[in-house]
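Shown next, in structure tokens, is the structure this report addresses.
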Amino acid sequence: MFNLEATLFCGQTFVWQKDESSYRGVINHRLVTLDVNEPFSKIVSDPFLRHYFDLEYPYEEAETHLAALDPALGALLNSHRSIHILNQDPWETTLSFITSQNNTIRRIRNLLNALRATYGKEVAPNHHALPTANELLSGSTEDRLRALGFGYRAEYLLGAARNVELLARVEDQEDEEALRALQQIHGIGPKVASCILLFAYGRKDIFPLDTWTRRILSEYYPEEDPSFFSPYGGIAQQHLFYAERRKIGLHW
DNA sequence: GGCCAGGAGGCCT
DNA sequence: AGGCCTCATGGC
């Protein structure tokens with residue numbers, strides 16, 4: 001099928017946790033539990049999960065194209081076979097990546113869990129969904145979000161909630177237009193906008209540039225820019241990032 | 001062990 | 001170019 005472990009823990013989502021027997025995550029107001037030993041039967045047979053895990057996308061085609069660009073990248077793709085780009089909920093992705101800015105993975109997870117527990121619906125015993133934009137606007141204030149530890153990101157979250165209708169239009173916009181539209185939201189810059197497009201809207205050619213991917217590019221592809229990987233920059237970026245994180249043991 | 005400075009998958013002014 | 005919330009981390 002695909003590499004579930006890499007797909008869930010390559011940095012595109014913060015909602016999944018793993019224990020001895022299962023992967024667990026609340027996505028789109030639903031608790032999903034996958035057996036660690038045999039996760040794919042449930043995924044394949046569930047239309048929502050098929051879409052979430054992007055089963056219909058031709059990854060072989062993309063990976064063949066990328067492998068032809070550079071043998072080292074080809075080897076990487078082969079060893080990861082395959083990282084899928086999730087089709088996540090746009091609003092949840094927006095919350096997640098606004099929270100991620102200038103922050104560590106551990107803290108991002110803790111903050112999002114606090115947001116769930118405080119404002120989200122309990123969809124299963126002890127499992128809360130992320131709050132909807134309306135739930136956040138009706139239940140929270142900047143001060144309350146700061147009290148949870150969001151710091152200066154507090155006003156960004158509320159601003160995004162007030163402008164949630166912008167997300168509905170992205171589906172019909174080209175990449176460049178969508179990037180500009182998302183950045184109209186206070187607190188969403190190029191990096192967060194790119195992550196939303198790639199991880200919620202399946203824009204496979206979006207290559208989010210952050211401190212990690214800039215460094216990776218300058219180290220391994222000093223002569224290139226993200227367009228080198230076009231039209232699969234997002235997929236390439238995910239493999240490069242995952243490999244770099246594994247190399248230094250930053251797995252979470 | 002305790003303390004503290006710099007950094008963490010940016011963005012705004 | 002600086003400042004920003006906060007906190008886990010590593011260096012002393």
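Sequence lines set the chain letters: A, B, ... in the order given, protein chains first and strands last, and positions in each chain run from 1.
Residues forming a ring pair (Phe, Tyr, Trp, His ring centres under 6.0 Å) with A/Tyr23 (at least two apart in sequence, or on another chain): none.
Considering every non-hydrogen atom in both A/Leu34 and A/Lys42, the closest pair reads CD2-CD, 3.8 Å.
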Can I get a per-line list of side-chain donor-acceptor pairs under 3.5 Å for residues 178-202 of chain A, giving both atom names and the distance, sequence neighbours left out?
unit_1   : atom_1 : unit_2   : atom_2 : d
A/Gln183 : NE2    : A/Leu179 : O      : 3.1
A/Ser194 : OG     : A/Pro190 : O      : 2.7
A/Tyr201 : OH     : A/Leu167 : O      : 2.7

Can I get a per-line list of side-chain donor-acceptor pairs under 3.5 Å for residues 151-164 of chain A, giving both atom names and the distance, sequence neighbours left out?
unit_1   : atom_1 : unit_2   : atom_2 : d
A/Tyr152 : OH     : A/Asn102 : ND2    : 3.3
A/Arg153 : NE     : A/Gln101 : O      : 2.9
A/Arg153 : NH1    : A/Phe150 : O      : 3.0
A/Arg153 : NH2    : A/Gln101 : O      : 3.1
A/Arg153 : NH2    : A/Asn102 : O      : 3.1
A/Asn163 : ND2    : A/Gly159 : O      : 2.9

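For A/His84 and A/Tyr59, the ring centers sit closer than 6.0 Å to each other. Between A/Phe53 and A/Phe2, the gap from one ring centroid to the other is short of 6.0 Å.
If you check every strand for non-hydrogen atoms under 4.0 Å, A/Ile108 touches nothing. A/Pro190 comes within 4.0 angstrom of sugar-phosphate atoms only, judged by non-hydrogen atoms across all strands, and of no base. Residue contacts shown for A/Phe97 include a base, since a base heavy atom lies under 4.0 Å away.
Of the residues near DNA chain B, A/Asp210 and A/Ile185, the one whose nearest nucleotide (by heavy atom distance) lies more toward the 5' end is A/Asp210. Taking the nucleotide of DNA chain B with the nearest heavy atom to each of A/His186 and A/Phe199, the more 5' of the two is matched to A/Phe199.
Rounded to an integer number of Å, the gap from CG of A/Leu111 to P of B/dG9 is 13 Å. Between the C1' atom of B/dG10 and the CZ atom of A/Phe150 lies a distance of 16 Å, rounded to the nearest Å.
With both ends at atom P, the span from B/dC4 to C/dC5 equals 22 Å, rounded to whole Å. Comparing the same atom, P, in B/dG2 and in C/dT6 gives a spacing of 24 Å after rounding to whole Å. Between C/dC7 and B/dC12, the distance separating the two C1' atoms is 22 Å to the nearest Å. Separation of the P atoms belonging to C/dG3 and B/dG9 is 22 Å when rounded to the nearest angstrom.
When side chains are defined from C-beta on, A/Ile27 does not count as touching A/Thr13, because their heavy atoms never get closer than 4.5 Å. The shortest distance between side-chain heavy atoms of A/Phe9 and A/Arg245 does not fall below 4.5 Å.
Between A/His239 and A/His80, the angle of the ring planes stays under 30°, which puts this pair in the parallel group of the 30/60° scheme.
Between the side chains of A/Asp225 and A/Ser227, a donor-acceptor pair is found at a separation under 3.5 Å.
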For DNA chain B, the dot-bracket pattern of Watson-Crick and G-U pairs whose distances stay under 3.5 Å, | for other-strand partners: .||||.||.||||
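With hydrogens and angles ignored, a donor-acceptor pair closer than 3.5 Å exists between the side chain of A/Tyr152 and the base of B/dG10.
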Just the atom pairs and distances: protein N or O near nucleotides 5-8 of chain B's N or O, under 3.5 Å.
unit_1 : atom_1 : unit_2   : atom_2 : d
B/dA8  : O3'    : A/Asn103 : O      : 3.3
B/dA8  : N7     : A/Asn102 : OD1    : 3.2

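At least one donor-acceptor pair closer than 3.5 Å links the side chain of A/Arg107 to the backbone N or O of A/Gly149. A donor-acceptor pair is defined here as one N or O able to donate and one able to accept, closer than 3.5 Å; no such pair exists between the side chain of A/Thr33 and the backbone of A/Ser22.
Note that the first and last nucleotides of DNA chain C, 5' to 3', having any atom under 4.0 angstrom from a heavy atom of chain A are C/dC4 to C/dT9.
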